[in-house]
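One structure is given here, and the rest of the page talks about it.
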Amino acid sequence: MKTPGAFYKPLAIGAPVPFREPPVSLERMIHFVPPHIEKMRAKVPDLIHKVDVVLGNLEDAIPADAKTEARAGFIQMAKDNEFGETGLWTRVNCLNSPWFLDDLMEIVPAVGDKLDVIMLPKVEGVWDIHYLDQLLAQLEARAGLSRPIMIHAILETAEGVKNVEQIAAASPRMHGMSLGPADLAASRGMKTTRVGGGHPDYAVLADAEGTGTRAVYQQDLWHYTVGKMVDACLSCGLKPFYGPFGDFSDPEACESQFRNAFLMGCLGAWSLHPTQIDIAKKVFSPDPAEVAFAAKILAAMPDGTGAVMIDGKMQDDATWKQAKVIVDLAKLVASKDAELAAVYGL
Ligand code: GLV
Ligand code: MG
């Protein structure tokens, strides 16, 4: 284990000093763009005003014979646009692929000054983060960058889930993690072909009562992993995210999956289709009624101690902290979204 002093030192001479606290930014949806398709790149100027994060995807879903074009397309879209408050991320190819090294070697010198986060797929343990951490420091130093590029791990292998706590604590460069339900299902040998969401056969059967039909209650396949990821992330000050929801024809199920993740602590999800942008915006912006109630708690307990009753419900130091989580998030949303700022009255 590194000594505390060494943990926050740059890993290469001339590399930027690592963040002590990750920058505070609103990241309700990470919108995936396939950068090898010119028509998709042409939508980026418009997307910048609609989403919180634009991500150029270089990994899965990009055909092997388009990998080089996707990389070049990402560099082009990064150069062609000013992203302002909107995050610019890329999902690079995985570490054992033939493309990863060139992804890093070409992207960091070309547009590293604009890049906020690198999403690293199929992370299995701390060794993956340490390797990318060191390589990024070397490339940042060589490119003369002044701001560190952060790492976001996809939790999508059985080994990664087993090692999630060490992954979260691996480096001050860690931004957060996303659940990758498709790869994770394959890695674990789960018997589903879906990308996220529930499965009708993963259910609890109600007790038999007479001869009537027995009720079936579908369960959340991802509950355990989301819980484990949220604890690993929040204990290290990182941000947890739900990843992809593949059934674009079922916005209700997408909303429900996103909402479960939100309630459990996640701060955003991936949007793979334009319709999922608004779903994520709705779900990951706190509900105005909840914000109003939380604001009432904070106002009733200005120093955050003691006990009061509000609308028949007991409030104390712990509920004050719960309320603060909601109000702080609402303030962050309001700082970007004038419409919601008015609704929240913030
Ligand atoms: C995402 O990459 C997934 O595998 O679900
Ligand atoms: Mg995956």
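Side-chain atoms are counted along with the backbone in the values below, which use heavy atoms only and exclude waters and symmetry mates. For ligands, and for the atoms within them, numbers begin at 1 and follow the listed sequence.
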Under 3.5 Å, N or O to N or O, is D183 touching ligand 1 that way?
-> yes

Which residue supplies the protein heavy atom nearest to atom 5 (O) of ligand 1, what is that atom called, and how far is it?
-> A182 N, 2.8 Å

Residues in side-chain contact (heavy atoms from CB on, under 4.5 Å) with D60, at least two apart?
-> R91, K122, D183

Residue, atom and distance of the protein heavy atom nearest atom 1 (C) of ligand 1 read E156 OE1, 3.4 Å

Which residues satisfy the salt bridge (Lys or Arg N to Asp or Glu O under 4.0 Å) test with K281, sequence neighbours excluded?
-> none

So, does R91 sit close enough to ligand 1 that a heavy atom of it is under 4.0 Å from the ligand?
-> yes

Answer with yes or no whether G243 contacts ligand 1, where contact means a heavy atom under 4.0 Å from a ligand atom.
-> no

Which protein atoms of type N, O or S are found under 2.8 Å from the Mg ion (ligand 2)?
-> E156 OE1, D183 OD2

side-chain hydrogen bond (donor to acceptor under 3.5 Å, both in side chains) with K43: which residues, sequence neighbours excluded?
-> none

Hey, are H175 and E27 close enough side-chain-wise for a donor-acceptor pair under 3.5 Å?
-> yes

Is it the side chain, the backbone, both or neither of W270 that has a heavy atom closer than 4.0 Å to ligand 1?
-> side chain

With the threshold set at 4.0 Å, does a side-chain nitrogen-carboxylate oxygen contact exist between K336 and E85?
-> no

Are any of the N/O atoms in P181 less than 3.5 Å from those in ligand 1?
-> yes

Non-hydrogen atoms of Y131 and F100 that approach each other most closely | CE2-CE2, 3.5 Å

